[in-house]
Amino acid sequence: MSGRGKTRLEEGYGQGLAAIAADDDVLLDSADLKKRMLGVFQAEGYQPPELPATAQRILAVSQRADVEIEEIVELLEADAMLAARVLRVASSPAYAGAAKIESLSGAVMRLGLNTLRDLVLEVAMNLRVFKCDAYSGPMERLRIHSSATAHLSRLICRHTSIEAEYAFVCGLLHDVGISGILLALGEVPRGKKPPDLSILWPVIDEAHAEAGALMAAHWELPDELLIPLEAHHRVEIEGYPHPLAAAVCLADDLSRELGYGLVPDDPEKGDEGLSTHMHTDSSNSVVLDRARAALDINDQTWELIRDQGRERLAELAE
């Protein structure tokens, strides 16, 4: 196998479609394979899976102090499918409470700008990014795990003194590098089978944080998101703990504890060899202790977070 990506003359070049051929002997060399995986995202002209323009604009305007409700509604109305999905989710018991939300302006007023922004991005990711026919099982688990981690990240921040503005978004995107890699591996010629993930998960795991940060940079997401995406399994940057990376690290681990991990608890439910790689997408106990210390979360507070997290994820599953 050549292991090459698409050339400039081939359809799909630079569109988030990249190929690592299934029969490449380099699959036995983890260092070389990781280099090739990351090379997909570093290639000239690479573009990640497309986020709806509406979601990107709402993310941008949400950073302005003077943004008006009418402006957000107008942006949402420009994408009928996204608006319909957002309204449906916003009207669910998990978001709307006792009173049903029946309009986009009502959703903005009820949820608030930041929560609506988070919801728009979550819906957009589910529509466009967490989709891959070649690896539908692992991608669906990734979607569920990412959503759970997002909600838990926001919850954890509420029990600390750190700024929680981007907690949900960081949690939602923390494993987007896995999505990008699966999309790249799944782009194979018609009639060919994509690579067997059962032997690739350790390398995917090793590369995903850096790949996610590269994808976020291509999306031109706020700089505040890039460090947590790349550091959520180590927490420290140049010897100092990063609070948001610590929150995402803990949320990632808690989501797995509560049954929403990327790796299924039940080996019988394993997808593409995930059940044989139990440590995929996990942080070791030293890093987890470091994260809790960085956020000054004691045992009592952690028990409260765990209980509230379990309740919140149960509400979302209804």
Side-chain angles (χ1 to χ4, degrees), residues 114 118 121-122 141-142 144-179 201-202 204-216 221-263 265 274 277-313 316:
N114 285 346
D118 295 344
L121 189 58
E122 181 179 15
R141 287 203 64 86
L142 178 63
I144 294 170
H145 169 64
S146 298
S147 178
T149 302
H151 287 276
L152 293 173
S153 295
R154 184 162 58 194
L155 173 63
I156 287 170
C157 286
R158 287 173 176 167
H159 286 272
T160 73
S161 60
I162 70 170
E163 175 58 52
E165 181 179 0
Y166 289 117
F168 185 96
V169 177
C170 283
L172 183 66
L173 298 177
H174 80 288
D175 279 345
V176 74
I178 296 178
S179 173
W201 280 117
I204 295 172
D205 188 32
E206 187 178 350
H208 82 274
E210 187 175 348
L214 290 169
M215 291 175 69
L221 298 183
D223 292 341
E224 294 89 339
L225 300 181
L226 302 187
I227 292 177
L229 294 187
E230 188 170 358
H232 67 276
H233 282 307
R234 68 176 189 273
V235 173
E236 290 189 350
I237 303 295
E238 297 181 353
Y240 296 93
H242 189 286
L244 197 46
V248 174
C249 175
L250 293 173
D252 183 29
D253 188 71
L254 182 56
S255 70
R256 182 172 58 256
E257 179 184 336
L258 297 178
Y260 293 84
L262 179 61
V263 181
D265 295 329
L274 264 174
H277 295 288
M278 299 303 294
H279 296 292
T280 297
D281 191 39
S282 64
S283 301
N284 64 47
S285 60
V286 173
V287 173
L288 293 169
D289 288 343
R290 186 183 301 152
R292 281 184 56 176
L295 299 178
D296 195 24
I297 296 176
N298 59 32
D299 291 344
Q300 183 177 2
T301 300
W302 186 247
E303 286 300 321
L304 180 59
I305 290 171
R306 180 187 286 113
D307 291 342
Q308 291 180 350
R310 183 180 291 108
E311 292 175 4
R312 178 58 176 163
L313 296 184
L316 293 168

Quiz item: What is the minimum heavy-atom distance between Ser283 and Leu288, and which atoms define it?
Solution: O-CD1, 3.7 Å

Quiz prompt | Full working for side chain to side chain contact (heavy atoms under 4.5 Å, CB included) between Glu236 and Val287 | solution = CA-CA 9 Å; Glu236 290 189 350; Val287 173; over 6 Å; no

Practice problem: Assess whether atom CD of Gln300 is packed by more than 12 heavy atoms of other residues, nucleotides or ligands within 6.0 Å. | Solution: no

Exercise. Drop me the distance from Leu221's CG to Tyr166's OH, to the nearest 0.5 angstrom.
Key: 9.5 Å

Quiz item: Going by heavy atoms in the side chains, are Arg154 and Asp118 under 4.5 Å from each other?
Solution: yes

Self-check item: Distance, nearest 0.5 Å, that separates CZ of Arg256 from CG of Leu262
Solution: 9.5 Å

Exercise. With rounding to the nearest 0.5 Å, note down the distance linking CZ in Arg306 to CG in Leu250.
Key: 11.0 Å

Quiz item: Quick one: ring-ring contact (aromatic ring centres under 6.0 Å, His included) partners of Phe168, sequence neighbours excluded?
Solution: His151

Practice problem: Would you indicate whether the side-chain heavy atoms of Cys170 and Val248 approach each other to under 4.5 Å? | Solution: yes

Listed pairs under 3.5 Å, donor-acceptor, residues 171-178 side chains, sequence neighbours left out:
from: His174; atom 1: ND1; to: Gly171; atom 2: O; distance (Å): 2.6
from: His174; atom 1: NE2; to: His145; atom 2: NE2; distance (Å): 3.2
from: His174; atom 1: NE2; to: Asp252; atom 2: OD1; distance (Å): 3.4
from: Asp175; atom 1: OD1; to: His208; atom 2: NE2; distance (Å): 3.0
from: Asp175; atom 1: OD2; to: His145; atom 2: NE2; distance (Å): 3.3

Self-check item: Closest non-hydrogen atom pair between Thr149 and Ser255, with its separation
Solution: OG1-OG, 3.3 Å

Quiz item: What distance do Leu152 atom CG and Gln308 atom CD have between them, rounded to the nearest 0.5 Å?
Solution: 11.0 Å

Quiz prompt | Donor-acceptor pair, side chain of Thr301 and main chain of Ile297, under 3.5 angstrom | solution = no

Exercise. List the steps and the verdict of side chain to side chain contact (heavy atoms under 4.5 Å, CB included) for Leu258 and Leu254.
Key: CA-CA 6 Å; Leu258 297 178; Leu254 182 56; 3.9 Å; yes

Quiz item: Which value, rounded to the nearest 0.5 Å, describes the distance between Arg292 atom CZ and Cys249 atom SG?
Solution: 11.5 Å

Quiz item: Of all heavy-atom pairs between Gly212 and Leu229, which one has the smallest distance, and what is that distance?
Solution: O-CD1, 4.0 Å

Quiz prompt | Contact check, side chains of Leu295 and Pro243, non-hydrogen atoms, under 4.5 Å | solution = yes

Practice problem: Considering non-hydrogen atoms only, spot the tightest contact between Gly261 and Arg141 and give its length. | Solution: O-NH2, 2.8 Å

Exercise. Heavy atoms only: give me the nearest Ala247-Ser153 pair and the separation to one decimal.
Key: O-OG, 4.2 Å

Quiz item: How far apart are the closest heavy atoms of His233 and Ser282, and which atoms are they?
Solution: ND1-O, 3.6 Å

Self-check item: Neighbour count >12 (heavy atoms, 6.0 Å) for atom CG, Asp296
Solution: no

Practice problem: Kindly determine whether Trp302 and Ile156 satisfy side chain to side chain contact (heavy atoms under 4.5 Å, CB included), including the steps that lead there. | Solution: CA-CA 9 Å; Trp302 186 247; Ile156 287 170; 4.1 Å; yes

Quiz item: If you measure from CG on Leu313 to OG on Ser147, what distance do you get to the nearest 0.5 Å?
Solution: 8.0 Å

Self-check item: Lys/Arg-Asp/Glu bridge criterion (N-O < 4.0 Å) met for Asp307, Arg310
Solution: yes

